[in-house]
Amino acid sequence: MKFSPLGHLLTAAVAFGAACAAPISLKELADMAAKGYRLLDLAEGAEPVWKTEEEKLELLRANIHFFDVTEVYDPEDSVPGGFRSLVTATTFPAPSHSSAVTPIINTLSTSNMQSYLTTLTSYNNRYYTSSTGKAASQWIYDKITELSSGHSDITVSQFTHSWAQFSVIARIEGKSSGAVTIVGAHEDSINLNSPSSGRAPGADDDGSGTVNLIEVFRALVAANFKPSTPVEFHWYSGEEAGLLGSQAIAKSYKSKGTSVKAFLELDMSAYFAPGSKEVIALEADYIDSGLTKFLQQLIDTYSKLDWAMDQACGYACSDHASWYKQGYTTGMLYEAITGNDNPNIHSPQDTTSVSGFSWSHSLEFAKVALAYVYELSI
């Protein structure tokens with residue numbers, strides 16, 4: 001999911017309209033949720049607000065970003081305040097394993113990705129509360145389980161939620177313990193006119209990132225990749241409804257004290273406007289500047305495309321924000337500079353047949369994701 005800057009500009013006005021005056025008790029949280037209300041975090045440092053499902057949908061239609069914190073709200077963490085500094089700089093070594101990485105990159109297959117996406121887009125939608133959304137997450141789980149069969153160092157698990165669709169986590173153990181390298185995408189899709197039953201193929205948003213990760217996982221497993229430190233692939237439920245799945249997982253990791261070397265999000269990778277310059281865009285806010293520099297180096301080393309910095313995508317625009325909110329080092333690749341990205345998302349028209357959808361473009365993102373995993377964990 002990527003929203004226009006308009007939503008970012010509108011957020012502050014909405015955030016301070018009906019804010020909760022004091023930390024919310026667990027009883028109030030349970031009572032309001034039982035009545036169908038959702039607790040939304042609309043702006044950094046602001047109190048959360050209660051909204052109905054229809055009001056929540058209206059915010060989405062207005063391109064207003066938010067965290068839906070109904071399932072993860074903790075009164076102990078409710079004092080308003082900013083996230084960590086928006087300008088941080090973790091230091092990463094320059095890429096240095098091209099002799100090992102390039103042969104694996106050369107095994108990445110657009111035919112495989114097309115096959116995966118054909119299945120994912122065959123579901124009426126992948127909305128997080130729908131039966132087809134749950135079926136899609138089951139298909140991803142089954143596919144990753146199949147690809148990792150016979151590898152005792154790999155575990156595939158379902159991270160269940162209070163809604164139907166579960167998130168999927170595949171973990172490749174390292175030769176030793178250490179901080180985990182994570183790459184993520186979101187498995188759900190949405191039709192903003194009719195979320196539960198409307199057609200939402202979600203080919204680009206975020207079927208493209210989802211199949212990038214499946215194919216990167218396949219290629220690394222086939223190459224008998226043995227990282228020095230652990231690696232995880234995440235496919236999140238409920239991103240389109242307020243970063244639900246990634247919030248739950250990021251908060252769980254933080255609560256357990258899990259050390260994360262870096263988190264990278266792939267949310268849309270298959271489109272650039274016809275006639276525009278083809279690039280790999282790097283998100284500019286709620287990211288770590290040191291990781292972004294490392295991603296620039298990876299693109300220079302492993303992709304045929306140039307990189308370009310995108311404009312700020314605003315508050316809570318994709319799953320990387322969930323990890324940033326918990327204090328982790330984050331980055332995100334995006335298919336194009338905002339304005340040259342896909343105008344068909346969140347509708348029945350988000351298909352592979354639209355002019356501008358490109359498998360060769362999406363392949364470049366898979367290359368960089370594979371290099372990121374290898375270079376950080378080997």
Side-chain angles (χ1 to χ4, degrees), residues 1-8 10 57-65 110 113-128 130 132-133 136 185-214 235-236 238-243 265-281 283 305 308 310-311 313-314 316-319 332-366:
M1 171 179 62
K2 178 71 181 289
F3 292 102
S4 74
L6 174 63
H8 184 47
L10 291 173
L57 186 57
E58 288 303 318
L59 292 174
L60 291 172
R61 290 170 179 156
N63 281 355
I64 294 176
H65 312 189
T110 56
M113 289 192 285
Q114 289 178 58
S115 176
Y116 308 148
L117 193 60
T118 295
T119 297
L120 288 173
T121 57
S122 70
Y123 297 103
N124 181 53
N125 62 52
R126 302 190 300 277
Y127 194 59
Y128 76 112
S130 70
T132 51
H186 71 86
E187 63 193 9
D188 62 317
S189 67
I190 190 171
N191 179 323
L192 284 180
N193 289 324
S194 180
S196 298
S197 59
R199 175 74 174 129
D204 190 22
D205 187 13
D206 185 26
S208 58
T210 293
V211 301
N212 288 159
L213 263 58
I214 296 173
W235 291 268
Y236 298 121
E239 188 270 354
E240 299 287 9
L243 314 186
E265 173 78 356
L266 269 66
D267 188 350
M268 300 169 56
S269 70
Y271 179 97
F272 63 102
S276 67
K277 182 179 179 181
E278 184 181 5
V279 298
I280 294 177
E283 288 306 338
L305 299 181
D310 198 6
Q311 59 187 275
C313 71
C317 78
S318 192
D319 292 307
M332 177 175 157
L333 305 180
Y334 191 54
E335 64 188 10
I337 296 297
T338 299
N340 294 330
D341 50 348
N342 197 332
N344 303 288
I345 63 171
H346 306 160
S347 80
Q349 286 71 52
D350 186 3
T351 68
T352 60
S353 62
V354 299
S355 177
F357 190 99
S358 168
W359 279 113
S360 62
H361 184 65
S362 188
L363 177 63
E364 296 303 308
F365 289 76

Using 0.5 Å steps for rounding, measure from the CD atom of Q349 to the CG atom of N342. 10.5 Å
Could you tell me which non-hydrogen atom of S269 sits nearest to which non-hydrogen atom of N212, and how far apart they are? OG-OD1, 2.6 Å
Report the residues that fulfil side-chain hydrogen bond (donor to acceptor under 3.5 Å, both in side chains) with S197, sequence neighbours left out, ordered by chain and then residue number. S194
P343 meets the side-chain contact (heavy atoms from CB on, under 4.5 Å) criterion, sequence neighbours left out, with Y271
For A308 and I337, which heavy atoms make the closest approach, and how far apart are they? CB-CD1, 3.8 Å
Restricting to ring pair (Phe, Tyr, Trp, His ring centres under 6.0 Å), what partner residues turn up for F357, sequence neighbours left out? W359
Between the CD1 atom in I280 and the CG atom in D310, the distance rounded to the nearest 0.5 Å is 13.0 Å
Donor on one side chain, acceptor on other, H361 and E335, under 3.5 Å: no
Mind running side-chain hydrogen bond (donor to acceptor under 3.5 Å, both in side chains) on T132 and N125 for me, showing each step along the way? CA-CA 6 Å; T132 51; N125 62 52; 3.2 Å; yes
State which residues pass ring pair (Phe, Tyr, Trp, His ring centres under 6.0 Å) with Y127; sequence neighbours excluded, sorted by chain then number. none
Partner residues of S276 under the side-chain contact (heavy atoms from CB on, under 4.5 Å) criterion, sequence neighbours left out: F272, A273, N340
Can you tell which of D350, I345, L60 makes a side chain to side chain contact (heavy atoms under 4.5 Å, CB included) with I190? L60
Under 3.5 Å: donor-acceptor pair, side chain of S189, backbone of P201: no
Non-hydrogen atoms of Y334 and M268 that approach each other most closely: OH-CE, 3.6 Å
I would like to know whether S196 and S130 meet side chain to side chain contact (heavy atoms under 4.5 Å, CB included); could you show each step before the answer? CA-CA 6 Å; S196 298; S130 70; 5.7 Å; no
Tell me which one of D205, N63, N191, N193 satisfies side-chain hydrogen bond (donor to acceptor under 3.5 Å, both in side chains) with H346. D205
If I compare all heavy atoms of T210 with all of A185, which pair ends up nearest, and what's the gap? N-CB, 3.8 Å
Can you tell me how far the CZ atom of R61 sits from the CG atom of L192, to the nearest 0.5 Å? 6.5 Å
Verify, without hydrogens or angle tests, whether R199 (side chain) and P348 (backbone) share a donor-acceptor contact under 3.5 angstrom. no
Answer yes or no: is there a donor N or O on one side and an acceptor on the other, between the side chain of S362 and the main chain of A270, under 3.5 Å? no
Is there a side-chain contact between Y236 and D206, using heavy atoms and a 4.5 Å cut-off? no
Mind checking what makes side-chain hydrogen bond (donor to acceptor under 3.5 Å, both in side chains) contact with S318, not counting sequence neighbours? E265, D267
Any side-chain heavy atom of L243 sitting closer than 4.5 Å to one from D319? yes
Tell me the closest heavy-atom pair linking R126 and G207, and the distance in Å. NH2-N, 3.5 Å
Over all heavy atoms of both residues, which pair between V279 and F365 is shortest? Give the atoms and the distance, please. O-CZ, 4.3 Å
Less than 4.5 Å apart, any side-chain heavy atom of V211 and any of L120? yes
Does L213 reach the side chain of L266, with side-chain heavy atoms less than 4.5 Å apart? yes
